[in-house]
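To start, the structure itself, in structure tokens.
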Amino acid sequence: MIEVYNAQDADAYVAFMTDDACEAGYRGAVLREGRKGVRSGLKAMFAQFPQNRADILAGWCLRETVVLHEKVARAPDGDKFEVMSIYSFEGDKVSRVEFIR
């Protein structure tokens with residue numbers, strides 16, 4: 001998923017998700033709902049930050065949950081921040097992603 005995210009391919013990214021997947025703040029409000037919402041949100045973000053990139057610093061997996069510590073750069077000389085991304089799976093598809101920033 002990170003590879004296609006870094007290629008800014010929103011369609012390939014949501015192909016890894018369930019139809020009703022969502023992205024949300026950690027234990028909080030849903031930011032993007034369903035594949036369609038995630039796709040449109042990513043496309044808007046990629047248009048705003050055409051050099052956006054996420055690098056995985058560390059990762060953990062326990063049953064249906066994957067936690068990634070990521071470093072995100074909006075541009076090579078732009079805003080940089082770290083985030084913990086918690087991916088919940090249903091089978092081989094992501095059903096929810098929560099972000100701690």
Hphob cluster co-occupancy, Val83 + Trp60, side-chain heavy atoms under 4.5 angstrom: no
Grouping I, L, V, M, F, W and Y whenever their side-chain heavy atoms are under 4.5 Å apart, do Leu57 and Ile100 come out in a common cluster? no
Would you say Asn6's side chain and Ala54's backbone share a donor-acceptor pair under 3.5 angstrom? yes
I want to know whether Phe46 and Tyr5 have ring centres closer than 6.0 Å. yes
How close do Val94 and Val97 get, counting heavy atoms only, and between which atoms? CG1-CG2, 3.6 Å
Any chance CG of Asp79 has more than 12 other-residue heavy atoms, nucleotides or ligands included, within less than 6.0 Å? yes
Can you tell whether the side chains of Asp55 and Lys71 come within less than 4.0 Å, N to carboxylate O? no
Dump the intermediate steps for side chain to side chain contact (heavy atoms under 4.5 Å, CB included) on Met45 and Arg74, then the final yes or no. CA-CA 10 Å; Met45 185 188 63; Arg74 296 294 190 204; 3.2 Å; yes
Name every donor-acceptor pair, under 3.5 Å, that has one atom in a side chain of residues 84-93 and the other anywhere in the protein, sequence neighbours excluded.
from: Ser85; atom 1: OG; to: Glu70; atom 2: OE2; distance (Å): 2.8
from: Lys93; atom 1: NZ; to: Ala15; atom 2: O; distance (Å): 2.6

Heavy atoms of other groups near Lys80 NZ, more than 12 under 6.0 Å: yes
With clusters defined by side-chain heavy atoms of hydrophobic residues (ILVMFWY) lying less than 4.5 Å apart, directly or transitively, does Leu42 cluster with Phe81? yes
Hey, what do you get for CZ (Arg35) to CG (Asp11), rounding to the nearest 0.5 Å? 10.5 Å
State, with a plain yes or no, whether a side-chain heavy atom of Asp9 is found less than 4.5 Å away from one of Glu3. no
Glu82 vs Val72, side chain to side chain contact (heavy atoms under 4.5 Å, CB included): CA-CA, chis, key distance, verdict: CA-CA 6 Å; Glu82 292 185 23; Val72 179; over 6 Å; no
Could you tell me which non-hydrogen atom of Arg96 sits nearest to which non-hydrogen atom of Ala24, and how far apart they are? NH2-CB, 3.4 Å
Verify, without hydrogens or angle tests, whether Glu23 (side chain) and Val30 (backbone) share a donor-acceptor contact under 3.5 angstrom. no
Is the shortest side-chain heavy-atom distance between Cys22 and Arg32 below 4.5 Å? no
What are the two closest heavy atoms between Glu98 and Gly28, and how far apart are they? OE1-N, 4.3 Å
Side chain to side chain, Phe16 and Val4, heavy atoms closer than 4.5 Å: yes
Could you give the distance from CE (Met17) to CZ (Arg39), rounded to the nearest 0.5 Å? 10.5 Å
